[in-house]
Structures are given as C-alpha cells and as structure tokens.
Amino acid sequence: MAFRKRSSALMFGLLAAAVFSVTASAQQNYPNRPIRFLVGFPPGGSNDIVARAIAPKLSEFLGQQVVVDNRGGANTAIATALAAQSAPDGYTILMNAPGHTTNPWMIKKLGYDSIKDFEFITQLGRAANLLATHPSFPPRSVKELITYSKANPGKVNFGSSGTGTSVHLSAELFRYMTGLDWVHVAYKGGGPGLVALLAGEVSLFFGNAPTVIRHVRTGKLNGLATTGLQRSPAAPDLPTVAESGVPGYEALTFWGLAAPAGTPRPILDRLHTETMRTLQDPAARKLLESLGTEVLGTSSKEYAQFIRGEIDKWGKVIKAAGIQSL
C-alpha cells in the first residue's frame, strides 16, 4: 500500500513537472503565432484608428503579426465578452474604451465582470472629444448653440457612436449642465455616426478627435469646441467647452490594452514592454498625436486603478442623467 502511495505521488510529481515545463516553454517562446487584437467598434472610428496606428509597430517588436479584429456592437460589450471568454495565453488582446467603464451601468446582463475578468496592460492614451456640426446647422459657437437649442426645444438632434459611449455621454453631460432638450440618435460606432453627420442626418456630434478632426480641418464640418479642460494640441484654435460658457465641463475618451484574466505575468510583461516601445516610436507617436491623442503608456497597476475610478465616476453621471439601461 505504501509503495502504491509513493508511486502515485511520484507520477503526480512527474506530471506536474511536465505541465510546468510545457507552460514555461510556451511563455518563453511567446509569441509564436499571430495575435488577435479585438476592437469593439466597426472600422472608421477612433478605436479602430488608434488600433491600426499601433498594430504595425507592435507586430514588428513582437515578431508576430497583430491582427485587428473589429467586433462592433453593444458599446464594445460584444468584443469585450469575446475577450473575457478567450484563452488566457496572450494571443487575444483587447482595446479598452470608455464603454468598458460605462457598460456595467448600462447593460443589465453584461456576461462578464469589467474588473475580475481582465488583466490590464496599459492606458495607451486619451483625447478630448470635438464638438462638430454640419455646415448647414446655423450655430457657429457654443453660446450660439445654447441659444439656438433653447429657442428650438426637441428639434436639435445629435449623433453618437452608441448609447453609453464617450461620444454619447459628452453630449449628455453638456445637455445636463445647460438644461437643453435634444434628441439622441445612436449609431453602431463612431464611423457610422460620422457618416451621418457628414450627410446632415444629424446636426451635431461630440466625436472622438481622431474621427472628426480631419473633416474639421478640410472644412467639411464646423468645429465649435473641444471637451477637455485645456485646448487640444491638435486643434489649438478651438476653444474648450468650459471656456465657451459652460464652466467645469470636461469629458475625455481613452484607449487601453487588456488581456483575459489569468494570462501569465511574463506574457503580460512582454506585451507591456513592446507596447511601450511602440508608443515611443517616433512615427507611431507622431501619428497618434496628429490625431489629437495624448500618448500615455501607464503601468499595469495605474491602468487598473484608472479603470476602477472611471467605473465609479460614470456610474454617478449615468444615474444623474437618467440614461436607460440597454
């Protein structure tokens, strides 16, 4: 009997050692195949633009192709759920956006935990949104917009990239602070929302700067203001909403990287290291900054703390604005 116990213990030890050896080898050889980069919006929006700005250099530094996979819908919840359910082996990474912090308050049956189901790698950057209007829309400043909207209650419509997105909440915060009666038209991403604005289907759009800034520069859209407390380096001639008559107003969007919970620390460290190299690359950095992005590159711990803080912050805003759950 004692021999059998010793034999079983030996077999268990050998099996555990073998598993450990295979796991350690996989981590050492990471990556040895392409990496899927999940983006929760269709092509054309700011999340897609930022992802495609960093993917080529990240591919170069990792030695394997980083493939952008657009899975739009439900304010990033579809892509996020897919990431949460993926194997924690470093071959699936997720682009985080504000939806990661607002969906817990917006979607009753979310299907994942925004904190527990993820390992946070880094906050890539952040940017103010840009209040843009169709050229046919009369107001040419924030003050004129407020005056016009009060004179036409319920007749001004604004587009968004979806309920609960930073684009939507930027408008809701503006409306809440100014007491305006606007009509919300939600689209399935920043790209479709921008197309609607360019076509004149909606009057205004608090678009992510990378999505709308080129159209403001070419005159296809009118830029009224940006949503940060400081003027955007990408649009220094545009005033902020706060300095245009709505003191204290601030709404920013952000982008970051996460992986499924349980992804081994050595793999997370490798992803963090190569992402930092990508953000420091002059060409990639110049591209991001030209789109109005403040490049950050935080530690994993800092990013996790930021996500927790944003979940608390936007929960209060969503409740105060009376936004309905999806």
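Counting begins at 1 with the first residue of the sequence. Treat the numbers as computed from the prediction; the structure is a model and nothing was measured.
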Without placing hydrogens or testing angles, list every side-chain donor-acceptor pair under 3.5 Å for residues 80-89, not counting sequence neighbours.
{"from": "Thr80", "atom 1": "OG1", "to": "Thr76", "atom 2": "O", "distance (Å)": "2.7"}
{"from": "Ser86", "atom 1": "OG", "to": "Arg36", "atom 2": "NH2", "distance (Å)": "3.1"}
{"from": "Ser86", "atom 1": "OG", "to": "Leu82", "atom 2": "O", "distance (Å)": "2.7"}
{"from": "Asp89", "atom 1": "OD1", "to": "Tyr91", "atom 2": "N", "distance (Å)": "3.0"}
{"from": "Asp89", "atom 1": "OD2", "to": "Arg33", "atom 2": "NH2", "distance (Å)": "3.2"}

Side chains of residues 55-65: which donor-acceptor pairs under 3.5 Å do they make with residues two or more places apart or in other chains?
{"from": "Lys57", "atom 1": "NZ", "to": "Glu60", "atom 2": "OE1", "distance (Å)": "3.0"}
{"from": "Ser59", "atom 1": "OG", "to": "Ala55", "atom 2": "O", "distance (Å)": "2.8"}
{"from": "Ser59", "atom 1": "OG", "to": "Val66", "atom 2": "N", "distance (Å)": "2.8"}

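Of the listed residues (Ile54, Val295, Thr293), just one forms a side-chain contact (heavy atoms from CB on, under 4.5 Å) with Arg285, and that residue is Val295.
Nearest heavy atom pair, residue Val67 against residue Pro34, reads CG2-CB, 4.4 Å. Listed here is the closest heavy atom pair of Gly228 and Ala128: N-CB, 3.4 Å. Closest approach of Ser300 to Arg265, counting heavy atoms only: OG-NH1, 4.1 Å. Closest approach of Thr298 and Thr122 over heavy atoms only: O-OG1, 2.7 Å.
In the model, His184 has a side-chain atom that pairs as donor or acceptor with a side-chain atom of Ser160 under 3.5 Å. Defined by atom type and a distance below 3.5 Å, a donor-acceptor pair is missing between the side-chain atoms of Thr147 and Glu144. Of the N and O atoms on the side chains of Asn70 and Arg52, at least one donor lies less than 3.5 Å from an acceptor on the other residue. Using modelled atom types, one finds no donor on one side chain facing an acceptor on the other under 3.5 Å when comparing Ser166 with Ser170. Neither side chain, Asn75 nor Thr163, offers a donor N or O lying under 3.5 Å from an acceptor on the other.
Taken together through direct or relayed side-chain contacts under 4.5 Å among Ile, Leu, Val, Met, Phe, Trp and Tyr, Phe254 and Tyr249 form parts of separate hydrophobic clusters. When hydrophobic clusters are built by joining Ile, Leu, Val, Met, Phe, Trp and Tyr residues whose side-chain heavy atoms come closer than 4.5 Å, directly or via intermediates, Leu197 is not grouped with Ile49. Residues Leu252 and Trp255 do not share a hydrophobic cluster, defined by chaining ILVMFWY side chains whose heavy atoms lie under 4.5 Å apart. Side-chain heavy atoms closer than 4.5 Å link hydrophobic residues (I, L, V, M, F, W, Y) into clusters, and following such links, even through other members, never connects Phe41 to Met95. Put simply, Leu110 and Met106 are part of the same group of oily side chains (I, L, V, M, F, W, Y) that touch within less than 4.5 Å, one to the next.
For Gln230, the CD atom is loosely surrounded, since the number of other residues' heavy atoms within 6.0 Å does not exceed 12. By the 6.0 Å contact criterion, NZ on Lys220 is open, its count of non-hydrogen atoms from other residues, nucleotides or ligands being 12 or less.
A salt bridge between Asp312 and Lys316 is absent, with no side-chain N of the basic residue lying under 4.0 Å from a carboxylate O of the acidic one.
Rounding to the nearest 0.5 Å gives a distance of 9.5 Å between CD1 of Ile115 and OG1 of Thr101. Leu180 CG to Phe174 CZ: the interatomic distance, rounded to the nearest 0.5 Å, is 6.0 Å. A distance of 9.5 Å separates CD in Glu274 from CD1 in Ile35, rounded to the nearest 0.5 Å. Interatomic distance, Ser232 OG to Glu294 CD, rounded to the nearest 0.5 Å: 9.5 Å.
Taking the six-membered ring for Trp and the full ring otherwise, Phe306 and Phe120 have centroids separated by 6.0 Å or more.
Between Phe206 and Trp182, the ring planes are tilted. Angles from 30° to 60° get that label.
Judged purely by atom type and a 3.5 angstrom limit, Arg231 uses its side chain to pair as donor or acceptor with the backbone of Pro236. Under a 3.5 Å cut-off, the side chain of Thr218 and the backbone N or O of His215 do form a donor-acceptor pair. Without hydrogens or angle criteria, Tyr187 side chain to Gly159 main chain gives no donor-acceptor distance under 3.5 Å. Judged by distance alone, the side chain of Asn208 and the main-chain N or O of Pro210 form no donor-acceptor pair under 3.5 Å. Here the side chain of Asn157 pairs a donor or acceptor atom with the backbone of Ser203 at under 3.5 angstrom.
For the side chain to side chain donor-acceptor pair (under 3.5 Å) test, residues two or more places apart in sequence or in another chain that qualify with Asn96 are His100, Tyr303.
Considering only heavy atoms from C-beta on, Leu288 comes within 4.5 Å of Leu279 through its side chain.
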The test is side-chain hydrogen bond (donor to acceptor under 3.5 Å, both in side chains); show your working for Thr226 and Asn129 and say whether it passes. CA-CA 6 Å; Thr226 53; Asn129 287 340; over 6 Å; no
